[in-house]
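This report refers to the structure that appears directly beneath it.
Values in this document were obtained by computation on a predicted structure and should not be read as measured data. Just so we're on the same page: letters track the sequence lines, and every chain starts at 1.
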Amino acid sequence: MSTTRAKPKKPTLKVTPSSRVMNVSTSGVLRVNHSSTYARSINASVSRKSFSLAADSKILDKSSVQTPKHTVQVFDENGKDVTPQPLYQPDPAAVMSKHSKIFASDTSGGTMSDFYSTAYQTTTNASFAGPFTRSVFGSSTVSRGSQSTMESMNEEIEDPSSKRDISISLSDVQVRREEVKELIKEEMLDDVVDRYLIESETLWLLHMPAVSVSVDSEEAESVKERNNLYMELCKNRMGNDKYVERSMQTFNGAPKTKEVQSEAITMVDAATTATTWDMYDSFRSAGLGEAALSPDTDKASVPEIVSNHRLDPTRAPERTMSVISTTSIASASSSRIEIEPFVVPSEDEPDPELVLQSEKFQQDLFVMERIILENIYQPKLAAYRQLPTLEDPDSVPKVVPTVVSRREESSLDEESTLTPALERLWSFSCELTSGHNVSSMAWNKRNPDLLAVGYGQFDFKDQKSGLICCWSLKNPTWPERVFTCESGVTTLDFSASNASQLAVGMHDGSIATYNVESREKTPVIDSSDCAHKHTSPVWQVRWIDHERGASGEDKGETLISVSADGRISKWFLRKGLDCIDLMKLKRTRNEKDKKQVGDKEKKSEALISRQAPGLCFDFHPTDSNIYIAGTEEGHIHKCSCSYNEQFLETYIAHKGPLYRITWSPFCSDVFLSCSSDWTIQLWRQDLFTPVLGFTSTQSAVYDVMWSPKWATVFGAVNEGRVEIWDLGASILDPTIVSLASPGVKLTSLLFATETDCILVGDSDGQVSIYQLKNLTVGEGTQVAALEDIIGSTLASQL
Amino acid sequence: MAEVEETLKRIQTHKGVIGTIVVNAEGIPIRTTLDNSTTVQYTGLLHQLTMKARSTVRDIDPQNDLAFLRIRSKKHEIMVAPDKEYLLIVIQNPSE
């Protein structure tokens with residue numbers, strides 16, 4: 001590297017006007033700068049040596065393609081082209097050159113001498129020798145780009161011819177630099193790269209060989225003159241006004257330290273959980289919020305009285321809650337406001353008590369009670385519903401007393417599991433019903449868990465006010481509905497078409513219908529206004545569904561009743577309850593008696609009425625036109641709705657009043673009758689004598705009912721026992737007998753439809769539920785078995 | 001009102017029922033058959049549990065809501081009928 005110091009001389013080069021470098025060159029300062037830059041570039045070039053040669057060559061190859069932006073051509077006096085080769089540096093050495101600025105200042109002005117000398121001496125060969133040619137016009141790149149560009153331009157390029165064309169813009173260089181970097185990185189990841197440090201050739205940045213003119217030449221004079229002028233200029237330079245050296249330095253303001261302290265920012269953690277329902281509620285209330293706010297302000301005055309509720313509308317999430325509660329309480333409290341002036345001291349009272357009055361609370365109480373009872377009665381209810389009863393693992397096992405029929409009590413456990421028995425599950429009773437006689441029971445047609453029980457005395461004497469209770473299986477301790485009636489209830493029946501309608505017949509002959517859905521205590525309709533109402537106790541009412549409306553009759557359900565005044569009446573609604581008589585039960589004398597008792601004929605009893613009191617009736621299960629009715633005389637009359645004057649048939653066998661008569665649900669021409677003559681008779685429609693008769697004890701049989709499940713099974717209740725007869729097992733003795741508690745008479749019987757349970761009502765107001773256990777009847781409905789029995793019996797009779 | 005009182009009385013006399021508590025939304029007991037400290041304890045704890053249960057139910061489906069809560073333990077069963085206004089709590093020993 002040549003560091004010859006040459007005085008900066010004014011170059012005598014003619015420069016094409018395009019170059020703006022002329023200004024640059026005259027400035028001494030700039031020269032310094034230039035030199036510094038050149039020096040930088042030298043350093044850069046030195047540093048560049050460290051790069052791999054391959055990279056260099058690449059750059060050079062690329063750079064050779066470049067075309068100069070400005071073509072500055074410098075011709076010296078001889079017309080030779082001394083255009084300095086553009087000096088560019090395609091390598092990233094420019095970055096490092098910045099660091100080397102410090103060094104550059106040392107070598108300031110170093111290469112400038114070269115430049116000028118080159119320019120002056122116009123040794124074209126030397127100047128064109130490529131890298132040696134450093135001309136100030138290399139600084140033309142300054143105009144083009146930044147200093148870094150010039151630095152890059154100052155880089156030496158081996159091939160001189162190609163140098164002309166080489167001018168690379170900064171951006172290009174930079175880009176290439178980066179590309180090169182990337183390439184290097186990729187390639188060099190795995191490679192072991194060898195670095196060779198070699199001394200490169202001397203790079204001439206600026207070579208200005210001195211131009212010597214012989215003294216004898218023509219130019220000598222001018223040259224000398226010029227030299228002298230120049231020397232004078234240099235001498236005059238000091239202190240000359242023309243030349244002003246000026247340096248500037250930025251003022252460094254005196255630093256001042258200022259401390260500022262802000263108040264400590266107190267951090268508060270706020271957290272909120274946005275639950276799904278919270279967002280849902282907010283969404284809903286956002287739509288309702290505006291609408292709800294206005295009533296909120298109206299009712300703002302109201303809650304002053306009901307002061308406990310804070311109605312702060314700013315609490316947004318609770319706003320809806322409080323508003324809703326306001327609206328509900330305000331309505332309740334508004335009614336209280338009216339009485340407020342009189343009940344002044346109880347201002348604090350309403351608030352907690354209001355809770356008790358709310359409907360929701362009543363509902364909750366209702367449900368809660370049922371749940372408690374379910375806990376208590378769960379095993380029993382499960383047995384009723386024929387579910388397996390689960391043992392509570394935590395409960396202490398204890399012996400549950402069961403009222404098992406006497407016959408099985410003494411037997412061993414193994415035997416009791418095999419013999420049929422009645423197991424008592426629970427009983428419907430409460431303090432309201434104690435002392436009342438259960439007269440009738442009926443299941444609701446739609447809800448098999450709902451039972452209506454009528455309480456009333458059978459006898460004429462000690463008549464109390466009647467009672468109707470609707471019990472639900474889910475609450476055996478308290479009825480769902482309680483209706484009190486003036487006179488004893490003797491019969492009731494639920495309607496099938498309107499499941500909440502309950503028809504009640506009473507001891508005083510009146511008939512009423514109740515709506516069990518409502519909580520009203522009064523009947524919907526009463527027959528007391530009817531002109532043709534019964535004058536004697538109504539012993540049975542039934543809702544009958546006429547499938548075919550014959551000759552103008554109403555289709556659908558009608559209420560039929562039989563009463564002790566001997567009439568079977570059909571009731572319908574026409575401006576109140578009105579009835580027409582289907583049949584008048586006339587007294588029929590027994591032909592046999594007439595003939596036998598000749599004398600006594602004359603002493604025939606004075607008839608109080610021509611009609612025989614009817615005690616029971618039953619419509620044919622399939623043919624709703626035919627029905628049979630039982631009278632107090634003991635006669636059974638088969639009648640038809642189409643004839644209201646005559647009976648179709650009369651069956652005479654019983655010697656006492658018939659308490660119950662019922663068709664078999666399976667065999668359509670078989671019916672059972674029971675009466676106070678201790679017997680139960682099984683009839684077939686076409687035979688005038690009973691097929692079978694059953695007697696077990698010497699007490700009146702109050703009630704008999706076919707089992708809804710088996711054709712051969714029926715139940716009977718007499719005063720002291722409940723009997724279950726299974727004709728398939730025995731026609732002489734009841735299969736199961738269960739004795740009543742002493743002092744209590746059993747009065748009514750009802751089979752449960754879905755399960756194997758029976759309900760027995762007694763004279764103490766209790767309705768007990770018994771489960772039929774181990775009653776092995778056989779499969780199917782046993783219709784064939786019943787018919788077989790009947791057939792064999794008849795055959796044996798003949 | 002009389003019917004409500006009657007029902008409450010009936011509930012209290014059912015078999016196995018240990019105590020009945022009715023508290024309003026602020027935790028003030030309206031009706032209780034237990035002593036005050038027990039009432040307060042039950043109320044406080046069950047209120048929190050009810051809120052949690054309701055939050056759970058409604059998180060799954062916001063249109064749903066908690067209707068009833070029963071906790072069966074070895075000794076008792078605690079039944080809670082929750083509402084925005086009140087809490088009806090009955091403690092029963094079902095195997096008594």
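With a 6.0 Å radius and a threshold of 12 heavy atoms from other residues, nucleotides or ligands, Lys360(A) has its NZ atom above the threshold. Summarising the local packing, CD of Glu520(A) is surrounded by 12 or fewer heavy atoms from other residues, nucleotides or ligands at distances under 6.0 Å.
Salt bridge annotation for Asp278(A)-Arg58(B): absent, with no cationic side-chain nitrogen under 4.0 angstrom from a carboxylate oxygen.
The closest side-chain heavy-atom distance from Trp277(A) to Gln63(B) is not below 4.5 Å. Considering only heavy atoms from C-beta on, Val4(B) comes within 4.5 Å of Phe361(A) through its side chain. With contacts defined as side-chain heavy-atom distances shorter than 4.5 Å, the pair Pro62(B)/Phe283(A) does not qualify.
No part of Gln363(A) comes within reach of chain B, as not one of its non-hydrogen atoms sits under 4.5 angstrom from that chain. Neither the backbone nor the side chain of Arg370(A) comes within less than 4.5 Å of any heavy atom in chain B.
Distance CD/Glu369(A) to CD/Gln12(B): 11.0 Å, rounded to 0.5 Å. For the atom pair CD of Gln92(B) and CG of Asn375(A), the computed distance is 4.5 Å after rounding to the nearest 0.5 Å. We find the OG1-CG distance between Thr7(B) and Asp364(A) to be 12.0 Å, quoted to the nearest 0.5 Å. With values rounded to the nearest 0.5 angstrom, Ile11(B) atom CD1 is found 11.0 Å from Phe366(A) atom CZ. The distance from the NE2 atom of His14(B) to the CH2 atom of Trp478(A) is 10.0 Å, given to the nearest 0.5 Å. Atom OG1 of Thr276(A) is separated from atom CG of Asp59(B) by 4.0 Å, given to the nearest 0.5 angstrom.
Between chain B and the options Gln362(A), Gln378(A), Met368(A), Met279(A), the largest number of non-hydrogen pairs under 4.5 Å is found for Met368(A). Ranked by non-hydrogen atom pairs under 4.5 Å with chain A, the options Ala25(B), Ala81(B), Pro82(B) are led by Ala81(B). Between chain B and the residues Val367(A), Ile376(A), Thr477(A), the largest count of heavy-atom pairs under 4.5 Å involves Ile376(A). For chain A, the option among Arg54(B), Glu77(B), Glu3(B) with the highest count of heavy-atom pairs below 4.5 Å is Glu77(B).
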